[in-house]
Amino acid sequence: MTKEEYQKFAGVYALMLTPYNDDLTINYEAYKEYTEFQAATGVGHLFAVCGTSEMANLTLDEREKLAALTVQYAGGTPVFATANLEPSWFAQVEEVKRMSQTGLDGLIFVTKGMHDDPERQYTYLSELATYTDLPLFLYEFPGIQPHKMEADVYKRLVDTGRFVGIKDTTCTMAAIREKIAVQGDSNVLQANIPLLFEAWKAGARGVMATPTSCGAQLFQKMWDEFTAGDMDAAEKTFQHIILLDNAIDSGFNRSAKYLVQLQGVKGMKPISRGNQTLSEARMESIRVYYAWAKSNGLAY
């Protein structure tokens, strides 16, 4: 893969939420509307079936259907989705094959809690990659601990030619810089919001982060400003992103769903299959944030 081919995987990845009916079945009609909403923000990519999607609480059939629907309604925006959540090796191989047939532009492999055994982590991921021809991202998914990946393992996986980047969740500049130092033509994407601007200045090449689920247009704006070299404008937009992050921090992902609902996706109810709670006070805080953001042209 050429340097130019790797570059198309840089940029903003908007994470996808999963809307539910009151009985906690998936509201697929609302998901269609939400996918169109996310694609309309102008982001470079959509990330379906992720932690923000509550992927750990979805069946394989549900994950497969959500991936296919995202592709169907994304309007041509490239779509990636997680593809190795099943418990056994053989089930994961089948999962990879099924997800590869949904029309996705690439797959994402979680690191499966193997941080304490780097050689096993490398072997597992490089072998799983042989069951698809799609481009692959890595994901330090905190839901399966210990979730991190050492920089040298990342480099070895990139050197196989199968992996185009990683969603880094190490949350320290030292660890972020270690991966950036070995990324080569690949793409270290940042998930930590407070460190986002510093990570980009250090050489990170995009973002996969929870607030993109409800404010992706801000991230695309910041990325466009940053890549154009307008650091002052990018920093100002980053300040707005920090406000968004703080607004939805408590009660996520119900908080993000509520903000999406305020922005017009009425079927996105602030409910989930998880144990998050969304207090009356937090909802009022989000309403105030939304009114301010909309009046300043920062939200729909």
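The side-chain heavy atoms of Glu33 and Phe37, taken from C-beta on, include no pair separated by under 4.5 Å. Looking at heavy atoms from C-beta onward, Leu15 lies out of side-chain contact with Ser53 at the 4.5 angstrom threshold. In this structure the side chain of Thr18 never reaches within 4.5 angstrom of the side chain of Glu62, judged on heavy atoms. Within the 4.5 Å cutoff, the side chain of Asp152 has no heavy atoms near those of the Val182 side chain. When side chains are defined from C-beta on, Tyr289 does not count as touching Ile248, because their heavy atoms never get closer than 4.5 Å. Side-chain contact between Lys257 and Ile271 is absent, with no heavy-atom pair separated by less than 4.5 Å. For the pair Phe90 and Val93, the minimum side-chain heavy-atom distance is 4.5 Å or more.
By the criterion of side-chain heavy atoms lying less than 4.5 angstrom apart, applied directly or through intervening Ile, Leu, Val, Met, Phe, Trp or Tyr residues, Val260 is not grouped with Val288; the two fall into different hydrophobic clusters.
In summary, Glu284 and Arg287 engage in a salt bridge, as defined by a charged side-chain N under 4.0 Å from a carboxylate O. Ion pairing of Arg98 with Glu86 is absent here, as no side-chain N (NZ or NE/NH1/NH2) approaches a carboxylate O to less than 4.0 Å. Under a 4.0 Å N-O distance rule, the pair Arg63/Glu54 does not qualify as a salt bridge. Between Lys148 and Asp116 there is no salt bridge, since no side-chain N of the basic residue sits under 4.0 Å from a carboxylate O of the acidic one. Using a 4.0 Å cut-off between charged nitrogen and carboxylate oxygen, Lys221 and Glu225 count as a salt-bridge pair.
Considering Phe109, Phe47, Phe163 as possible partners of Tyr139, the one that fulfils the ring-ring contact (aromatic ring centres under 6.0 Å, His included) test is Phe47.
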Salt bridge (Lys or Arg N to Asp or Glu O under 4.0 Å) between Glu140 and Lys179: does it pass, once the steps are laid out? CA-CA 12 Å; Glu140 293 179 323; Lys179 287 195 185 72; 3.0 Å; yes

Could you give me the CA-CA distance, side-chain angles and deciding distance for Thr111 and Tyr124, then say whether side-chain hydrogen bond (donor to acceptor under 3.5 Å, both in side chains) is met? CA-CA 9 Å; Thr111 51; Tyr124 160 70; over 6 Å; no

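Here the closest non-hydrogen pair linking Cys50 and Thr82 is CA-OG1, 4.1 Å. The two residues Met222 and Ala234 make their nearest non-hydrogen contact at CG-O, 3.7 Å.
Atom CD of Gln92 is separated from atom CG of Leu60 by 11.0 Å, given to the nearest 0.5 angstrom. Separating the CD atom in Gln217 from the CZ atom in Phe219 is a distance of 9.5 Å, to the nearest 0.5 Å.
In terms of modelled atom types and a separation under 3.5 Å, the side chain of Asn253 and the main chain of Thr52 share a donor-acceptor contact. In this structure a side-chain-to-backbone donor-acceptor pair under 3.5 Å is present from Thr212 to Ala209.
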Quiz: residues 191-200 side-chain donor-acceptor pairs under 3.5 angstrom, not counting sequence neighbours:
| from | atom 1 | to | atom 2 | distance (Å) |
| --- | --- | --- | --- | --- |
| Asn192 | OD1 | Leu195 | N | 3.0 |
| Glu198 | OE2 | Lys201 | NZ | 2.8 |
| Trp200 | NE1 | Gly206 | O | 2.9 |

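Cation-pi geometry between Lys65 and Tyr28 is met: under 6.0 angstrom from the ring centre, within 45 degrees of the axis.
Other residues, nucleotides and ligands contribute only 12 or fewer heavy atoms inside 6.0 Å of the NZ atom of Lys155.
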